[in-house]
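Please read through the structure below; I'll follow up with questions.
Fair warning: this is a prediction, and the values are worked out from it, not measured in the lab.
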Amino acid sequence: MSRIDLVVTRWGARFMGRRFACAIGRGGITRTKREGDGATPAGTHHFVGMLYRPDRLATTQLPGWALPTGPSDLWSDDSRDPDYNLMVRRPHPWGHERLQRPDPLYDLILITDWNWPRAVPGEGSAIFVHTWRKPRHPTAGCVAFSRRDLLWIARRIRHQTRLVIRA
């Protein structure tokens, strides 16, 4: 493990010598992730992308490789979908999540390589790092931080940074 790894446990996270409060899935941390179980998958994951709401965050707050989302951007979470666990666009006939939500949860999203890019149906989708609903409020399986902490982390993520989730 390296100082540039974002290490998450059920008690919190650490990154670059700092400690952070965070939220994990309502199902805790698991080694056997399944779609809809509400659990956060244990293991070492890589960051493969960063998305943001351009109407809510300025590009000056983010690294140059962050990509804007639009009103038609979705994430497929239907294991029957040929595009399961991929970003898709509206209209989309399969189950999905909107990437531009009315609340601030997805104003900034760090995308992990959990079950990506060739997803195994049913092994879980959309394991993101995003803003929490309220302090330590459980997620559907993602890892979540306060907006301020997430922005601090996002500005320091590097290509070699990993998300290490410890059971």
Side-chain angles (χ1 to χ4, degrees), residues 1-53 57 61-69 73-77 79 84-87 97 99 101 103-120 122-167:
M1 211 143 356
S2 156
R3 182 174 143 80
I4 62 168
D5 289 336
L6 175 57
V7 180
V8 172
T9 69
R10 66 179 149 205
W11 301 285
R14 74 172 190 276
F15 179 61
M16 297 189 83
R18 292 182 60 177
R19 294 197 179 277
F20 301 93
C22 69
I24 59 170
R26 68 181 178 281
I29 296 174
T30 185
R31 294 187 189 284
T32 56
K33 176 76 182 140
R34 301 300 300 161
E35 186 69 46
D37 66 3
T40 302
T44 299
H45 315 287
H46 295 89
F47 292 105
V48 296
M50 184 181 300
L51 303 174
Y52 71 97
R53 288 265 318 239
L57 285 174
Q61 296 176 280
L62 301 169
W65 51 276
L67 298 174
T69 58
D73 292 328
L74 313 168
W75 197 272
S76 173
D77 61 6
S79 60
Y84 175 58
N85 201 28
L86 294 173
M87 190 170 164
E97 288 189 73
L99 294 178
R101 298 170 52 117
D103 61 31
L105 267 63
Y106 286 0
D107 287 0
L108 176 60
I109 302 169
L110 306 178
I111 303 169
T112 72
D113 67 348
W114 172 257
N115 201 20
W116 181 94
R118 289 179 266 302
V120 175
E123 288 195 5
S125 64
I127 300 301
F128 299 147
V129 176
H130 61 75
T131 304
W132 62 26
R133 189 173 309 278
K134 57 187 176 187
R136 298 192 184 270
H137 185 80
T139 69
C142 296
V143 176
F145 294 90
S146 73
R147 181 183 186 104
R148 181 182 55 118
D149 290 345
L150 182 59
L151 281 167
W152 190 92
I153 291 165
R155 284 192 293 267
R156 289 159 180 84
I157 293 282
R158 300 293 174 260
H159 175 70
Q160 60 273 42
T161 302
R162 304 174 304 172
L163 173 64
V164 179
I165 302 172
R166 290 188 172 161

**Study point:** Interatomic distance, Arg158 atom CZ to Asp5 atom CG [nearest 0.5 angstrom]
**Key:**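 One finds 13.5 Å between CZ of Arg158 and CG of Asp5.
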Check your understanding: Got a donor-acceptor contact below 3.5 angstrom from the Thr112 side chain to the Ile127 backbone?
Key ->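 Between the backbone of Ile127 and the side chain of Thr112 there is a qualifying donor-acceptor contact (under 3.5 Å).
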Check your understanding: Taking side chain as C-beta onward, heavy atoms only, is Arg53 less than 4.5 Å from Pro68?
Key ->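 Result no, sub-4.5 Å side-chain heavy-atom pair not found.
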Study note, to complete from the structure: Tightest non-hydrogen contact, residues Gly25 and Pro138, listed as C-CB, 4.3 Å
Point to revise | Distance-only side-chain donor-acceptor flag, Trp114 / Asn85, under 3.5 Å | key: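 Note: Trp114 and Asn85 side chains miss the donor-acceptor criterion.
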Practice item. Could you pull out the closest heavy-atom pair between Gly122 and Ser79, with the gap in Å? Key: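 Heavy atoms only, the tightest pair is N-CB, 3.4 Å.
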Point to revise | Student check: side-chain heavy atoms of Val7 and Arg166 closer than 4.5 Å | key: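 A side-chain contact exists here, since the closest heavy-atom pair is under 4.5 Å.
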Review point. Quick check: does any side chain N or O of Glu123 sit under 3.5 Å from a backbone N or O of Lys33, one acting as donor and the other as acceptor?
Key: no
**Study point:** Distance in Å, Ser2 OG paired with Met16 CE, rounded so as to fall on 0.5 Å steps
**Key:**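 Going from the OG atom of Ser2 to the CE atom of Met16 covers 9.0 Å.
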Exercise for review: Under the side-chain contact (heavy atoms from CB on, under 4.5 Å) rule, what do Glu35 and Asp77 come out as? Steps first, then yes or no, please.
Suggested key: CA-CA 8 Å; Glu35 186 69 46; Asp77 61 6; 4.0 Å; yes
**Study point:** Tyr106-Tyr52 aromatic ring centre distance below 6.0 Å
**Key:**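 They do not qualify: ring centres at least 6.0 Å apart.
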Point to revise | Heavy-atom pair of closest approach, residues Ala126 and Cys142 | key: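 Minimum heavy-atom separation between Ala126 and Cys142: O-SG, 3.2 Å.
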Exercise for review: Enter the distance from Met50:CE to Leu67:CG here, rounded to the nearest 0.5 Å.
Suggested key: 9.5 Å
**Study point:** From CD (Glu97) to CG (Asp73), nearest 0.5 Å
**Key:**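 Spacing of CD (Glu97) from CG (Asp73) equals 13.0 Å.
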Check your understanding: With a 4.5 Å limit on heavy-atom distance, are the side chains of His130 and Thr139 in contact?
Key -> yes
Exercise for review: Check whether any side-chain heavy atom of Ile109 sits under 4.5 Å from a side-chain heavy atom of Val129, and report yes or no.
Suggested key: no
Point to revise | Derivation of the side-chain contact (heavy atoms from CB on, under 4.5 Å) call for Thr131 and Phe145 | key: CA-CA 5 Å; Thr131 304; Phe145 294 90; over 6 Å; no
Check your understanding: Would you find more than 12 non-hydrogen atoms of other residues, nucleotides or ligands less than 6.0 Å from His137 atom NE2?
Key ->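 For His137, atom NE2 is crowded (more than 12 foreign heavy atoms under 6.0 Å).
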Review point. What do you reckon, is CZ of Arg19 surrounded by more than 12 foreign heavy atoms closer than 6.0 Å?
Key: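 Count not over threshold, so no.
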Point to revise | Heavy-atom closest contact (Ile29 atom, Arg10 atom, distance) | key: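 Nearest pair, atom of Ile29 first, then Arg10: CD1-N, 3.8 Å.
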**Study point:** Any donor-acceptor N/O pair, Asp113 side chain to His46 backbone, under 3.5 Å
**Key:**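 Looks like yes, one N/O pair under 3.5 Å.
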Exercise for review: Measure the shortest side-chain to side-chain distance between Tyr84 and Asn115 over non-hydrogen atoms and say whether it is less than 4.5 angstrom.
Suggested key: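 Answer yes - side chains close enough.
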**Study point:** Side-chain heavy atoms of Leu110 within contact of Phe128, under 4.5 Å
**Key:**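 Leu110 vs Phe128: side chains apart.
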Review point. Between Trp75 and Leu99, what is the shortest heavy-atom contact and its length?
Key: CB-CD2, 4.0 Å
**Study point:** Side-chain heavy-atom pair Leu108, Leu151 within 4.5 angstrom cut-off
**Key:**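 Side-chain contact under 4.5 Å: yes.
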Practice item. Might you work through the side-chain contact (heavy atoms from CB on, under 4.5 Å) test for Leu6 and Val164, ending with a clear yes or no? Key: CA-CA 6 Å; Leu6 175 57; Val164 179; over 6 Å; no
Review point. Between Met87 and Leu74, is any pair of side-chain heavy atoms under 4.5 Å apart?
Key: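 Counting from C-beta outward, Met87 and Leu74 never come under 4.5 Å.
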Exercise for review: For the pair Asp37 (side chain) and Arg34 (backbone), establish whether a donor and an acceptor sit closer than 3.5 Å, ignoring hydrogens and angles.
Suggested key: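 At least one qualifying donor-acceptor pair exists.
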Review point. Within 45° of the axis and under 6.0 Å from the centre of the six-membered ring of Trp152, does NZ or CZ of Arg156 qualify?
Key: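 Ring-cation test returns yes.
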Practice item. With side-chain contact (heavy atoms from CB on, under 4.5 Å) as the test, would you mind laying out the steps for Leu86 and Trp116 before giving the verdict? Key: CA-CA 8 Å; Leu86 294 173; Trp116 181 94; 3.5 Å; yes
Exercise for review: Grab the two heavy atoms, one from Gln61 and one from Leu57, that are nearest each other, plus how far apart they are.
Suggested key: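 The answer is OE1-CD2, 3.5 Å.
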Check your understanding: Going from CD1 on Ile165 to OG1 on Thr30, what distance comes out if it is rounded to the nearest 0.5 angstrom?
Key -> 11.0 Å
